[in-house]
Each structure stands twice: as structure tokens, then as C-alpha cells.
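Remarks on the structure that follows.
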Amino acid sequence: GAVVSQHPSWVICKSGTSVKIECRSLDFQATTMFWYRQFPKQSLMLMATSNEGSKATYEQGVEKDKFLINHASLTLSTLTVTSAHPEDSSFYICSAREGRGTQYFGPGTRLTVL
Amino acid sequence: GNSVTQMEGPVTLSEEAFLTINCTYTATGYPSLFWYVQYPGEGLQLLLKATKADDKGSNKGFEATYRKETTSFHLEKGSVQVSDSAVYFCALILMNRDDKIIFGKGTRLHILP
């Protein structure tokens, strides 16, 4: 099946720094990528949807200046958490799909902000 | 609005027991239904799906049938294993809208040896 990778799988950073998370589709062209956030023992919360070559569409309540999303190619999307603070600590999961096909999820990135 | 409701966990069973995780949905359109599984420390994996009424999705011994009349998509497995311990998410997509996945809150499953 289709494979989506994320890098890094975990990251620890100091408060005030920025962190970039990559999401790649390895064997298909991801025309659309999604970024989710998951709090402990809770469901996934959609943060934003990005289509290749265009600006991301953010869900209500998600700060676009805080969570910068770039989808510059058909196989790569990045999420940058700017000026991270402890409350940004979470599990971030991306998913990708080709056209209207099935969404395939990445393994997630655990961010811990000290 | 559109939503997914699934039974709260955690669900604890002994190995080889029969599993049912209930899932019901509310949708203004005609959704496709999914079960995803999340193993500890990992992302979500698609377990099975069904795209129209009376379809049965199956994978790894798990089954779920799309029941339009009861708006349900219950997950079942006849004999669970310790390796099935994970969190299971029921979800829907309305393909005629913006294709966003709507997830249930997840059900944590513990299988005891």
C-alpha cells in the first residue's frame, strides 16, 4: 500500500525555537496533504489542508502564523511550529492522498517543548 | 452536523475473546466509512473501509458492515490477540463535500494474554 513518512519521529526543543516537521509520500503523488494534532488519549484534530502549489486552508482556531504549512511539491509538505511553547507539545500526524483517493497517514511526530 | 460516535474505552478482553466495538454516525450526505487503528507511539493505519450500504470491509480478521438503516459500522473480530491491543478510530468521509475525515474519539483496546 501507499507509504507516508514523517521526519523526525520525535523532537525536543527549547521554548521559543522553531521546529520543522516533514511529511513525504513515498510511492504516490500527494495532491492533498493534511496535518493533524493529537492530544494524549484523544482523537485527531484536523489543523489544516494543503494542496500542492497553493496556500493551506486552516481550520477554525488554528493560528496560521504559528503553524506554517508548505506544500511545495507533490511528495513533500512541511509543518513549521514557530516560536514553540510547552502548550504546543503534542503528537503531530500528517496524511496524504492522490486525487480523491484514500488518505494514508504518516507515523506521527512527537514534539516536546521544554 | 456530521459526527461519529463510538463506544468509550478502555475495553479489556482476554486473548481469543470475541470483540465488538460499536460505532454509529450522523451524516447529511452519503458517507464512506472507515476503521483506523493506532498502535502505541505510531500514526494511524487504515484497517478497513466500506463505501456503500451493506458493504462489508474486512482485514486481519476484523470485519465491519455498513448498515444504513441503523447508521452503524460496528467493528468485530472473532478471536482477538494480544497484538490487537491498540486504539481504534471509526471515521467517515463525505465524498461530495470537502473530503475531510471526521473521526470518532477512539476506543482503546487491551488484550490480556
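Throughout, protein chains are lettered first and strands after them, A, B, ... in sequence-line order, and every chain is numbered starting at 1. Predicted model, so just to flag it, every value in this text is computed and none were measured.
- Nearest heavy-atom pair, B:F103 versus A:S43, reported as atom, atom and distance to 0.1 Å: CB-OG, 3.3 Å.
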List the steps and the verdict of side-chain contact (heavy atoms from CB on, under 4.5 Å) for B:I101 and A:Y36. CA-CA 11 Å; B:I101 295 181; A:Y36 296 84; 4.0 Å; yes

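- Residue contact with chain A, scored on non-hydrogen atoms closer than 4.5 Å, involves the side chain of B:Y36 exclusively.
- In this structure, CG in B:L46 is found 10.5 Å from CD in A:Q103, a value given to the nearest 0.5 Å.
- The number of heavy-atom neighbours closer than 6.0 Å to NZ of A:K66, taken from other residues, nucleotides and ligands shown, is above 12.
- Connection of A:M45 to A:F67 is established within a shared hydrophobic cluster, with ILVMFWY side chains joined at heavy-atom distances below 4.5 Å, either directly or through further cluster members.
- Neither the backbone nor the side chain of B:I102 comes within contact range of chain A; no heavy atom of the residue lies under 4.5 Å from a heavy atom of that chain.
- Ranked by heavy-atom pairs under 4.5 Å with chain B, the list A:T102, A:L44, A:I93 is led by A:L44.
- Under the 4.5 Å side-chain contact rule for hydrophobic residues, B:F73 and B:M7 share a cluster.
- Around the CD atom of B:E8, the shell of radius 6.0 Å holds no more than 12 heavy atoms that belong to other residues, nucleotides or ligands.
- With a 4.5 Å cut-off on non-hydrogen atoms, B:Q38 touches chain A through its side chain but not through its backbone.
- Within 6.0 Å of CD on B:E69 lie more than 12 heavy atoms contributed by other residues, nucleotides or ligands.
- The hydrophobic clustering, which links ILVMFWY residues whose side-chain heavy atoms are closer than 4.5 Å, places A:I12 and A:V19 apart.
- For B:L44, the parts lying near chain A are the backbone and the side chain together; criterion is any non-hydrogen pair under 4.5 Å.
- In the displayed structure, A:H7 atom NE2 is contacted under 6.0 Å by at most 12 heavy atoms of other residues, nucleotides or ligands.
- In this structure, the portion of A:Q38 lying under 4.5 Å from any heavy atom of chain B is its side chain and not its backbone.
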